[in-house]
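All residue numbers refer to positions in the sequence shown, counting from 1. Only heavy atoms go into these numbers, but all of them, side chains included; no hydrogens, no water, no symmetry mates.
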Amino acid sequence: MAQSARRALLRLLVGVLPAGGLAACGFQLRQPAELPYQRIALSGFASRSPFAEAIRRELPERVQLVEQPAQAEVQVVADEDRLHRTVVASTAVGQVREFRLRVRLRFHFATPQGEPLGPVAELEQSRDMSYAESYALGKEVEEQELLREMRGDIARQLLQRLAAQGRATAR
């Protein structure tokens, strides 16, 4: 009986101490951007743009995307939305063994009337991905997931910058 109580106490300590240590060091999960805007317009994005979709997914629920810039409080204007896929490594017979995926978004924020609220900014992510022709279907799924993840990260960074822009303009 006493041994089982000690084991339970030990399990509790093993589970609680690391969490307490993380809390004491200031560790905190990444929080969504606190946007000072209620209505945002996305301009300059291609129809069905993966970046525009990533931004939609990352927006807080209280923020509404509007179609017309005149209805928005601020615009996110895409100047360039690129995907580069290059071969990094190949075999002696020319079979691809590794790709580098790179996504880049150049953008700026603007008023509903189209006046820029700051300079053009650029966010870029890249990942290397191994490739094997015998696993082509699985590698295609892996590539799409990597691209979705990279675009999501860029969208979160963009929204953090938009939140900072909104705080700076409110002062």
Side-chain angles (χ1 to χ4, degrees), residues 18-88 98-131 137-171:
L22 285 176
C25 78
F27 175 79
Q28 201 174 353
L29 289 175
R30 191 179 342 189
Q31 301 295 316
E34 288 294 323
L35 295 174
Y37 305 106
Q38 299 293 319
R39 292 178 319 281
I40 296 174
L42 300 178
S43 304
F45 289 91
S47 65
R48 303 172 68 95
S49 164
F51 268 119
E53 286 301 316
I55 293 168
R56 280 185 185 92
R57 277 192 308 273
E58 296 299 329
L59 277 175
E61 288 183 21
R62 65 172 188 77
V63 177
Q64 178 186 10
L65 275 180
V66 295
E67 294 294 321
Q68 301 301 320
Q71 300 170 335
E73 295 171 75
V74 67
Q75 290 186 67
V76 176
V77 182
D79 297 316
E80 182 182 24
D81 172 347
R82 289 270 168 126
L83 164 63
H84 296 280
R85 184 177 185 229
T86 54
V87 175
V88 175
E98 194 169 335
F99 283 109
R100 176 164 295 139
L101 303 172
R102 197 170 87 206
V103 292
R104 179 176 60 199
L105 179 65
R106 291 187 62 208
F107 64 95
H108 67 275
F109 304 126
T111 64
Q113 296 77 30
E115 295 183 31
L117 291 173
V120 173
E122 183 174 302
L123 294 170
E124 184 175 308
Q125 293 259 323
S126 67
R127 300 279 190 285
D128 290 347
M129 182 185 109
S130 65
Y131 184 77
L137 186 57
K139 288 298 182 176
E140 184 178 324
V141 170
E142 179 184 354
E143 178 181 343
Q144 292 308 313
E145 187 58 33
L146 278 173
L147 289 171
R148 184 177 182 271
E149 190 177 294
M150 292 188 312
R151 288 181 178 122
D153 190 38
I154 287 176
R156 284 186 293 278
Q157 291 178 50
L158 180 144
L159 293 176
Q160 291 291 343
R161 289 182 182 207
L162 183 59
Q165 174 72 38
R167 287 190 299 271
T169 349
R171 290 182 200 161

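Nearest heavy-atom pair across A72 and V66 is CB-CG2, 3.6 Å. In terms of heavy atoms, E142 sits closest to K139 at OE1-NZ, 3.0 Å. For V76 against F45, the heavy-atom pair with the smallest separation is O-CE1, 3.7 Å.
Rounded to the nearest 0.5 angstrom, Y37 OH and L162 CG are separated by 5.5 Å. E98 contributes atom CD, which lies 10.0 Å from atom OG1 of T86 (distance to the nearest 0.5 angstrom). In this structure, the separation between CG on L59 and CG on L42 is 7.0 Å, given to the nearest 0.5 Å. In this structure, E149 CD and L101 CG are separated by 11.5 Å, a value rounded to the nearest 0.5 Å. Summarising the geometry, atom CG belonging to L123 is positioned 9.0 Å from atom CG belonging to D153; distances are rounded to the nearest 0.5 Å. Rounding to the nearest 0.5 Å gives a distance of 8.5 Å between CG of L35 and CD of Q160.
Q165 places a side-chain N or O within donor-acceptor distance of the main-chain N or O of L117, the cut-off being under 3.5 Å. Side-chain atoms of E122 do not come within 3.5 Å of backbone N or O of R106 as any donor-acceptor pair. R148 places no side-chain N or O within 3.5 Å of a backbone atom of E143 that could act as its donor or acceptor partner. Looking only at distances, no side-chain donor or acceptor of R156 sits under 3.5 Å from a matching main-chain atom of E58. Between the E124 side chain and the R102 main chain, no donor and acceptor come within less than 3.5 Å of each other. Using a distance-only test at 3.5 Å, with no hydrogens or angles considered, a donor-acceptor pair links the side chain of Q75 to the main chain of T111.
Within the 4.5 Å cutoff, side-chain heavy atoms of D79 are placed close to those of V77. Between Q144 and V141, every side-chain heavy-atom pair lies at or beyond the 4.5 Å cut-off. Considering only heavy atoms from C-beta on, L158 stays 4.5 Å or farther from F51 through its side chain. Side-chain atoms of L83 and R151, non-hydrogen and from C-beta on, do get closer than 4.5 Å to each other. Between R62 and Q38, the closest side-chain pair of non-hydrogen atoms falls below 4.5 Å. Looking at V87 and Y131, their side chains never come closer than 4.5 Å, going by heavy atoms from C-beta outward.
Within 6.0 Å of CD on E140 lie no more than 12 heavy atoms contributed by other residues, nucleotides or ligands. A 6.0 Å sphere centred on CZ of R39 holds more than 12 heavy atoms belonging to other residues, nucleotides or ligands.
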